[in-house]
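The structure under discussion appears below in the form of structure tokens.
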Amino acid sequence: MKKIKLIQQITQEGVVAVLRGETPDEVFEMAEQAIAGGIKVIEVTMTVPFALQAIEKLAKKYSSTAQDPAKYAIIGVGTVLDPETARIAILSGSEFVVGPALNPATVTLCNRYRVPIMPGVMTIQEIQQALELGVDIVKLFPGNLYSPSTIKAIKGPLPQANIMPTGGVSLSNLAEWVKAGAVAVGIGSDLTADALKAGDYSLVAQKAAQYIEAYQDAKK
């Protein structure tokens with residue numbers, strides 16, 4: 001039941017912060033600011049050096065079952081290429097797993113432990129294969145190679161597919177993706193670029209709040 005609840009929470013929140021950085025402390029601070037700004041689904045990518053340290057620290061501080069909004073967040077792992085990485089991230093506290101591509105062995109591992117897995121896909125064939133493997137949400141990646149109308153085209157033959165575009169989603173086109181049928185959106189560098197350039201992490205919270213407002217407006 002926890003897996004079902006997590007998927008429901010992720011789709012209800014709707015915005016996933018995809019965080020990359022030079023150190024686990026940097027990523028932790030960006031996550032703190034994103035959560036403060038209202039984004040409650042955090043994906044720490046495994047391209048971050050010592051990423052598991054950030055995941056473990058965030059998982060200890062936040063809980064998807066917390067009643068206090070200040071302590072509530074869903075912490076997951078991204079850029080997972082294989083089942084070994086998925087398992088160690090889960091043991092470190094990751095509540096969901098995201099991959100850049102569809103790796104059947106990783107899906108099997110996550111299904112075994114009832115952890116939501118969102119693999120990257122680019123084609124109808126990959127989406128169909130993901131569905132057959134038991135994937136609940138597929139990540140359309142890189143999203144900047146597509147337009148929001150792609151979701152409608154995919155849902156022609158595969159209306160049961162739940163699609164989350166990641167990469168290329170911005171404040172200017174978020175509403176188009178949501179209205180086209182995206183169940184959630186992944187936000188990467190646009191969320192953190194200004195903060196990193198200025199050396200001011202509070203800008204992440206400001207941008208996060210803008211994304212949440214844009215998402216909620218699009219859902220109305």
Side-chain angles (χ1 to χ4, degrees), residues 6-20 27 30-31 33-45 47 64 72-80 94-102 116-123 126-127 130-131 135-155 158-195 203-220:
L6 279 169
I7 292 169
Q8 290 174 335
Q9 289 174 314
I10 291 169
T11 55
Q12 286 169 4
E13 294 293 341
V15 180
V16 179
V18 182
L19 301 180
R20 296 180 173 85
V27 170
M30 290 191 291
Q33 293 295 329
I35 293 167
I39 296 180
K40 300 296 187 178
V41 187
I42 304 296
E43 174 190 331
V44 177
T45 70
T47 53
S64 62
Y72 167 82
I74 304 170
I75 309 302
V77 61
T79 321
V80 173
S94 295
E95 292 191 283
F96 65 92
V97 174
V98 182
L102 177 60
I117 168 73
M118 293 174 272
V121 295
M122 296 183 72
T123 66
E126 289 177 327
I127 296 172
L131 293 173
V135 170
D136 295 289
I137 300 173
V138 294
K139 179 179 79 167
L140 187 64
F141 179 78
N144 56 3
L145 296 182
Y146 304 91
S147 69
S149 62
T150 302
I151 292 182
K152 182 178 180 180
I154 292 170
K155 283 183 168 291
L158 297 174
Q160 70 275 31
N162 296 312
I163 301 168
M164 178 182 74
T166 301
V169 179
S170 64
L171 286 170
S172 62
N173 64 21
L174 182 148
E176 294 179 63
W177 283 109
V178 173
K179 291 175 181 178
V183 298
V185 294
I187 310 299
S189 60
D190 188 60
L191 179 64
T192 59
D194 292 343
L203 296 178
V204 175
Q206 294 178 28
K207 183 63 74 74
Q210 293 173 11
Y211 269 105
I212 291 299
E213 182 180 6
Y215 183 81
Q216 292 174 345
D217 286 344
K219 293 292 287 184
K220 291 178 181 178

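What's counted below: heavy atoms across the whole structure, side chains too, no hydrogens, waters or symmetry copies.
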What's the spacing between [X] [atom1] and [Y] [atom2] if we round to 0.5 Å?
X      : Y      : atom1 : atom2 : value
Leu203 : Thr192 : CG    : OG1   : 11.0 Å
Lys219 : Gln12  : NZ    : CD    : 10.0 Å
Thr11  : Met164 : OG1   : CE    : 11.5 Å
Leu102 : Lys139 : CG    : NZ    : 12.0 Å
Ile127 : Leu131 : CD1   : CG    : 7.5 Å
Gln216 : Glu13  : CD    : CD    : 9.0 Å

Can you find a heavy atom in the side chain of [X] that is under 4.5 Å from one in the side chain of [Y]?
X      : Y      : value
Ile163 : Ile154 : yes
Val18  : Thr79  : no
Leu140 : Trp177 : yes
Val77  : Glu43  : no

If every non-hydrogen atom of [X] is compared with every non-hydrogen atom of [Y], which pair is closest and at what distance?
X      : Y      : answer
Met30  : Arg20  : CE-O, 3.0 Å
Ala130 : Val138 : CB-CG1, 3.7 Å
Ala180 : Ile151 : O-CG2, 3.3 Å
Ala195 : Val204 : CB-CG2, 3.4 Å
Ala218 : Ala175 : CB-CA, 3.7 Å
Leu6   : Ser64  : CD2-OG, 3.7 Å

**OP:** List the steps, then state whether side chain to side chain contact (heavy atoms under 4.5 Å, CB included) holds for Val183 with Ile137.
**Re:** CA-CA 8 Å; Val183 298; Ile137 300 173; 4.1 Å; yes
Subject >> Sole residue of Val15, Val41, Asp136 in side chain to side chain contact (heavy atoms under 4.5 Å, CB included) with Ile10 >> reply: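 It is Val41; the other options fail the test.
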Subject >> Flag, side chain of Asn173 to backbone of Gly168, donor-acceptor distance under 3.5 Å >> reply: yes
Original post:
Do any N or O atoms from the side chain of Lys155 and from the backbone of Ala161 form a donor-acceptor pair under 3.5 angstrom?
Top reply: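 Yes, the answer is positive, given that a donor and an acceptor are paired below the 3.5 Å cut-off.
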**OP:** Can you sort out the partners of Ser172 under side chain to side chain donor-acceptor pair (under 3.5 Å), two or more places apart, ordered by chain and number?
**Re:**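 Applying side chain to side chain donor-acceptor pair (under 3.5 Å) to Ser172 gives Ser170.
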**OP:** Only counting residues at least two apart or in another chain, list the ones meeting side chain to side chain donor-acceptor pair (under 3.5 Å) with Asp190.
**Re:** Tyr211
**OP:** Please step through side chain to side chain contact (heavy atoms under 4.5 Å, CB included) for the pair Leu191 and Leu19, ending with a clear verdict.
**Re:** CA-CA 9 Å; Leu191 179 64; Leu19 301 180; 4.2 Å; yes
**OP:** Would you sort out whether Gln9 and Phe96 count as a side chain to side chain contact (heavy atoms under 4.5 Å, CB included), showing the intermediate values?
**Re:** CA-CA 11 Å; Gln9 289 174 314; Phe96 65 92; over 6 Å; no
Subject >> Leu145 and Met122: CA distance, side-chain angles, deciding distance, side chain to side chain contact (heavy atoms under 4.5 Å, CB included) verdict >> reply: CA-CA 9 Å; Leu145 296 182; Met122 296 183 72; 3.8 Å; yes
